[in-house]
Amino acid sequence: MVAITLPDGSVRNYDKPVTGAEIAQSIGPGLAKAAMVVKVDGELWDLDRTIENDANVAIITDKQESEALDVLRHDAAHVLAMAVQELYPDTQITFGPATEEGFYYDFHREEPFSTEDFEAIEKRMAEIVDRDVPIEREVWTRDDVAEFFKKKGEMFKAEWVMELPDGEDITMYRQGDWIDLCRGPHLPSTGRLGKSFKLMKLAGAYWRGDARNPQLQRIYGTAWRNDKELKAYLTRIEEAEKRDHRRLGKEMDLFHIQEEARGSVFWHPKGWSLYRTCEQYMRKRLDAAGYVEVKTPQLVDRKLWEESGHWEKFREHMFIAEVDESGGEASESAGSADATDEGAAEGGIRHLALKPMNCPCHVQIFRQGIKSYRDLPLRMAEFGSCHRYEPSGALHGLMRVRAFTQDDAHIFCTEDQIESETEIFIELLASIYRDFGFEEFAVKFSDRPDVRAGSDETWDKAETALKDAAIKAGADLIMNPGEGAFYGPKLEFVLRDAIGRDWQCGTLQVDFVLPERLDAEYVGEDGSKHRPVMLHRAILGSFERFIGILIENFAGRLPMWLSPVQVVVAPITNELDGYAEDVVAALAKAGVRAEADLRNEKINYKIREHSHAKVPAILVVGGREAEARQVAIRRLGGKDQEIVALEEAVDRLSREAHGPLGG
C-alpha cells in the first residue's frame, strides 16, 4: 500500500507503487492531459517514474508558472541539441540548462554557426515537436555512459561523466535515436513542448568555463507556455534594446567605458551631475534617518581580510597589490596566486587588497573606544569605493563593473533590536524607491543554509525577527529556502521597472559571525561584554548599476530633479540672446540646472536636438516673449507650448527641479 498526500491534504491509497501519470489519471482525465511533471516530496520527477513509498505529491501543469517554464525550457534545450545534431552531424554536445528567461546549449563544432542558421534549426525543432517523440528516462552505470559517448565521438560528455563517483547511477534521456546525459525531469514527449520558442543569439564559451580549454559555441533561445507569452517577451526585449543604457548614455553624453580601464566608468560632466544628485539625495535621507557617515581606506592589508574570512572565500575577486616595504617595486594583480603564501609581510613584502566591500573596515571603527548598549543601534554609512575582479566577458556597461561605489551601511545592534531596525529600514527603503519612481518591489526572504555558523537557537531568533519585521512593514514575502548567507538570514529587495524586468538592488543581511571574528563588543546593561549583531544593508546596491537601471527604466527621460540639464532656453534669433541669458540666470538663481542654446541654428533644429538629448523642458523665447517677459514652455515628448510669465515659469520649474531634494 502506497499513501499519496496531495496538496489539499487529502490522502489517496494505492495497492502498489504508482507513477505520477497514474495518480493524475485517477484524479481526472483533464489533469492527466495537462500534467507535465510531478513533484514528489519537493523534488520534480518525470510522470512515468515510479513512486515506491508514501509521499507528498503535486501534479505540475502549466498553471504552476515557474516550474512549468523550467521544464519547458529544459526540454527546449534538448530539442535544440537534437535538431543541431540532425542538421550538423559533426557537432559535439556539452550541456544546455534552462535559464531565467529561456535556455542555451553549448556545442563544439569546427565550423562556426551564424544567426543565419537559426531559421533552419528552428524549423527542424518544430519538426521534432511534430513527431511527438516519447522522452524516456533510463538509468545507466557510469562506465557504460562513458563508453557510449566515446564510441559516438562525444569526448566532452565522456570526460565529464568519468568525474562522477564510481557506482553512482546515471540518468540518460532518450528522444528517439537521440540521447543525452541529464538529471531531468522532462515532459512525456517532444510534442508537449509546443512551438512557442525562438532562438535569440550566439555567444562564445569555454569548456567548463576555463579559457585554457576548447572554445564552444553557445546558442541562446527562449521558450514560453504559449505564443502570447512569447510575443510579449519579444516585445519586451525589443523595448529593452531601445532603452539600453549604453546607447542612451552615449546619446545623452553621460559616460563612456574604454579598453584602457575595463570595468571602470569615465563619467562625463552631465553623467557626474546625475551621479552627484543621487548621492546628495541619499546623503540627505541617511542623515535624516540617524546614520553617521564614515570613510575608510581603499587599500587594506591582507591581515584584516584573513581575519574577516574574505581572503579565503573571496580572494579570486580581489585586486591585490604586492608592496616591497624595504623600498623595492610594487606590483598589482587580481586574485593573484603569488599572494597566497601565509603572513601579511614576509621579507619586507606586504600584500594589500583594494577593498571589495566595506564591512570589515566598519567593524574597525566600531572597535575604537568602549561601546555601551546605550550607543546602539549605531547606523554607520559609507559611500565606499570598492573594486571586484569580474571576467572581461561578464562586464556590461554600468550594470556589471569592476570599480563601483556602494550605498553601503552597517547597523550594529542588539539581538532584541533586529526587528525594530528591520522595520525602520524597510520603511526607509520603500520611501526612497518611491522617490526614484519605483512604486513596486518584491521582497525575498532567505533562511538558513545547510552549511552555516551559529546555533539553531540564534538562527530561530534572527529568522523570526527578520520575517516578523518584514511582514509588519507590509512586505509580501517570497520564500527562498536555504539561500541565506552562512552567517545569517537575509532579505532581498527586487525592483520591477517600466517594462516588467526585475532588478535586485536592496538587501538586508543579519550577521552574527563577523563581529565574533573581528572581536567587536559592547558593554551591556548588565555590565558584561556582549557581541553586537551586524546588519549589512544597501538600498541602491551600487550607484553605477542603479543609475543604469534609472536610465533604462525611464528610457533616458529622467524625472526633472535627476536630469543633468533640467531646462534649455532657446532663443529664436540671436537678437534675443541677452533675454535668453537673463532667463538662464533667473533659473540658476532658483536652483535650476539651465543652459542657453545661443547657436545660430533654426529653432526646430534646436528643439529636435535637445529632445533627443532628453532635456525635460525647453523654453522657447521670441520677440513677443522677450517684450512681455514671458517664455514658451515645451515639455519633453509634447508638441504643445505653454506661454507663461517668466516669474511663474521660474517658480514652477524650480519646484519640479528640486523634487524630493526640496528647496
Side-chain angles (χ1 to χ4, degrees), residues 278 282 285-286 289 291 308 310 313-314 317 355-363 377 379-384 386 388 399-401 404-413 418-419 421-434 436 438 440-449 452-453 459 462-463 465-471 473-497 501-515 533-550:
C278 292
M282 289 301 298
R285 294 302 306 269
L286 295 182
Y291 285 78
S308 70
H310 291 99
K313 297 183 180 297
F314 209 78
H317 299 293
K355 64 177 179 181
M357 66 277 295
N358 300 305
C359 33
C361 293
H362 287 190
V363 177
R379 305 181 187 117
M380 188 182 298
E382 178 176 8
F383 299 131
C386 297
R388 295 180 187 175
M399 303 300 196
R400 195 80 175 265
V401 292
F404 57 94
T405 301
Q406 293 180 310
D407 72 313
D408 200 16
H410 297 90
I411 302 170
F412 297 89
C413 63
I418 294 174
E419 184 171 343
E421 285 301 302
T422 298
E423 188 176 353
I424 291 168
F425 170 70
I426 293 175
E427 290 174 357
L428 175 65
L429 172 141
S431 172
I432 288 172
Y433 284 171
R434 283 194 299 270
F436 277 110
F438 297 99
E440 182 181 354
F441 63 89
V443 185
K444 294 182 179 180
F445 177 80
S446 301
D447 60 13
R448 68 192 73 185
R452 58 185 182 271
W459 274 87
E463 288 173 351
L466 198 59
K467 187 186 297 182
D468 289 351
I471 293 172
D476 185 10
L477 294 180
I478 300 170
M479 304 307 294
N480 202 16
E483 294 300 317
F486 79 95
Y487 49 72
K490 65 180 179 179
L491 299 175
E492 293 179 338
F493 300 87
V494 183
L495 294 177
R496 175 150 296 179
D497 70 11
R501 296 174 301 177
D502 290 337
W503 303 93
Q504 194 267 308
C505 293
T507 185
L508 179 67
Q509 302 178 10
V510 180
D511 186 354
F512 297 97
V513 175
L514 197 60
V533 178
M534 193 173 180
L535 304 182
H536 303 250
R537 49 111 296 186
I539 296 175
L540 307 186
S542 77
F543 280 95
E544 288 76 8
R545 182 169 176 270
F546 192 77
I547 288 171
I549 293 169
L550 283 174

Atom [atom1] of [X] and atom [atom2] of [Y]: how far apart are they, to the nearest 0.5 Å?
X	Y	atom1	atom2	answer
Phe425	Thr507	CZ	OG1	7.5 Å
Cys361	His410	SG	NE2	10.0 Å
Trp459	Leu466	CH2	CG	10.0 Å
Lys355	His310	NZ	NE2	12.5 Å
Phe436	Ile547	CZ	CD1	8.5 Å

Should [X] and [Y] count as side-chain neighbours, where that means a heavy-atom distance under 4.5 Å?
X	Y	value
Tyr291	Arg285	no
Ile549	Arg501	no
Phe546	Leu495	yes
Glu382	Gln406	no
Met357	Asp408	no
Leu535	Val510	yes
Leu540	Cys505	no

Is there any salt bridge (charged side-chain N to carboxylate O under 4.0 Å, His left out) pair reaching into residues 485-496, and which pairs are they, with sequence neighbours excluded?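 Every pair satisfying salt bridge (charged side-chain N to carboxylate O under 4.0 Å, His left out) with a residue in residues 485-496: Lys490-Glu492, Arg496-Asp502.
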
Could you list all the salt bridge (charged side-chain N to carboxylate O under 4.0 Å, His left out) pairs where at least one residue sits in residues 535-546, not counting sequence neighbours?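 Pairs touching residues 535-546 that pass the test: Asp407-Arg537.
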
What are the two closest heavy atoms between [X] and [Y], and how far apart are they?
X	Y	result
Ile426	Ala473	CG2-CB, 3.7 Å
Cys278	Phe543	C-CE2, 3.9 Å
Leu286	Ala381	CD1-CB, 3.9 Å
Leu429	Gly506	CD1-CA, 4.3 Å
Ile478	Ala442	CD1-CB, 3.9 Å
Glu463	Phe445	O-CZ, 3.8 Å

Check: [X] side chain, [Y] main-chain N or O, donor-acceptor pair, under 3.5 Å:
X	Y	result
Asp447	Gly482	yes
Arg388	Pro356	yes
Asp511	Leu514	yes

Begin with the C-alpha distance, continue with both residues' side-chain angles, and end with the deciding distance and a verdict on side-chain contact (heavy atoms from CB on, under 4.5 Å) for Thr422 and Asp468. CA-CA 9 Å; Thr422 298; Asp468 289 351; over 6 Å; no

Evaluate Phe493 against Tyr433 for ring pair (Phe, Tyr, Trp, His ring centres under 6.0 Å), listing each step before the verdict. CA-CA 10 Å; Phe493 300 87; Tyr433 284 171; 7.3 Å; no

side-chain contact (heavy atoms from CB on, under 4.5 Å) partner of Phe412, chosen from Arg379, Glu421, Met534: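 Single pass found, and it is Met534.
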
